[in-house]
There are 2 protein chains.
Amino acid sequence: MKILIADDDPQILRALSITFTASDYDVVTAGDGAAALRRAAEHHPDIVVLDLGMPQLSGIDVIHGLRGYSTVPILVISGRMDSIDKVQALDAGADDYVTKPFLTDELLARVRALTRRRLPLREESGATFGDVRVDLVARSVVRTTDGADIHLTRTEWRLLETLMVNAGRLVTQEILLTEVWGPQHIRDTGYLRLYIRQLRKKLERDPGTPRHLLTEAGMGYRFVPE
Amino acid sequence: MKILIADDDPQILRALSITFTASDYDVVTAGDGAAALRRAAEHHPDIVVLDLGMPQLSGIDVIHGLRGYSTVPILVISGRMDSIDKVQALDAGADDYVTKPFLTDELLARVRALTRRRLPLREESGATFGDVRVDLVARSVVRTTDGADIHLTRTEWRLLETLMVNAGRLVTQEILLTEVWGPQHIRDTGYLRLYIRQLRKKLERDPGTPRHLLTEAGMGYRFVPE
DNA sequence: GTGGGCCGTGAGGAAAACGTGAGGACGGCC
DNA sequence: GGCCGTCCTCACGTTTTCCTCACGGCCCAC
């Protein structure tokens, strides 16, 4: 379970880091809003803990930035108790709001409550289609015809995972590019053509006429299990 | 959006009832834990707001009872600020925890945050009419007669989406042209004739006599679900 | 009637988007 | 250094999408 913690106070950052590391989280930290967005794009955290009062790029900006491409749970920490701040943050897309000072036990419990909602998605993390069986958790692809293992590279996994998590739904090029290569490559549609082809070569029965990794010209791609 | 409010204090119950009714929620109330479980089973609420300090069946018991069969979002209200209570409630399966006294604005925002996360997971994000089922989120059209997928292009989706979010209302040519092709094409009504035809071919049972994508001569078009 | 809007229909070509093949840059590893 | 896997660049053929153009029908005003 990977957690991104963003706070401009190094002391709090360090304290939270220790707390979550002790609870077996994989911790990524950021000292300001811009860094938070950058690190989120790099690391794909399972949950984001965000201090609202950061200089330059505010917490609200970061929420908007994240929500532009991701549904990752966001927990906001703030020193201000104003109702208006809470409402603003929650309506911007945050999932929970905690005011300082807070007890670490409570913070941990709230983070557990937020991540718990996501887990059921992960349980059904495999799919069998065409001639292959894909397991997203085990990161394995097995050909059902002869039981051979098929190897996917890191980039291929990230792309396939994004498509499979949204099985049946159209996933726009923007979302795919942001999830796999980061927001700075949002216009590099050539990457998609290249790696979709790779995935088709490895997963489709007839890569020339794909049945599961479908193109929707001008919009994006769609994974259909059946 | 249906909300179940459970509190043993009739005054609070009444106040919350008024607040949520005013925000267009469909409100169901319960005065104790047993009633809460009973009414939840009857009404299948979209969210549950639960006072922790109820007599007989406590809030924690109600959470356990609900979680036995449902994943409905649960927001807990409590007069006790003890960290131990919060942790217990959250780990029992609650999704959020608010301590009295609280501001109604904040409570409303938290309820919005909880229900928002559920919506995209729901299957029902589109409309069924004629022989097709349209899902705007998944960007999919399925013919109900034989289950075949119907493919729409980017422009067709944009036009259909504009009409569907204004279901039942007349949408002027100017608005459609601006939304789909941009303000510079506000006079190109030929685009509309072309793409409305495409949509009718793909969605209407008898494209010659449309029943859902209706022309209003000289004004615009109207989408009617039934 | 009849002429002018307005709308629906049909076909076809330009442009955008996509798929494909070959190969170079880079870093890890022996 | 040489090998290998991975990622990315570039050029070119193919498919899909979008838009243009021409024509016919309907309705209402005159």
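Naming convention: chains lettered A, B, ... in sequence-line order (proteins, then strands); numbering from 1 in each chain.
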Can we say A:Glu216 and A:Arg222 salt-bridge, meaning some charged N sits less than 4.0 Å from an Asp/Glu carboxylate O?
yes

Less than 4.5 Å apart, any side-chain heavy atom of A:Asp51 and any of A:Asp9?
no

Rounded to whole Å, CG of A:Leu177 lies from P of C:dC18 at a distance of 11 Å

Quick check for you: name the first and last nucleotides of DNA chain D, 5' to 3', having an atom under 4.0 Å from a heavy atom of chain A.
D:dT6 to D:dT17

Enumerate the residues from residues 179-204 of chain A whose closest heavy atom to DNA chain C is under 4.0 Å, giving them by residue number; use none for an empty result.
A:Arg193, A:Arg197, A:Arg200

Answer yes or no: is there a side-chain heavy-atom contact under 4.5 Å between B:Trp181 and B:Ile186?
no

Can a side chain N or O of A:Thr215 be found less than 4.0 Å away from OP1 or OP2 on C:dG19?
yes

Near DNA chain D, counting only heavy atoms under 4.0 Å, which residues of residues 217-226 of chain A show up?
A:Ala217

Student check: side-chain heavy atoms of A:Ile47 and A:Leu4 closer than 4.5 Å:
no

Side-chain ion pair, B:Arg143 and B:Asp131, N-O less than 4.0 Å:
no

Side chains of B:Thr215 and B:Tyr221: any donor to acceptor distance under 3.5 Å?
no

Heavy-atom distance under 4.5 Å between the side chains of A:Tyr25 and A:Asp46, does that happen here?
no

Quick check, are the ring centers of B:Trp157 and B:Tyr195 under 6.0 angstrom apart?
no

With a non-hydrogen cut-off below 4.0 angstrom, is A:Gln173 in contact with a base, only sugar-phosphate, or nothing?
sugar-phosphate

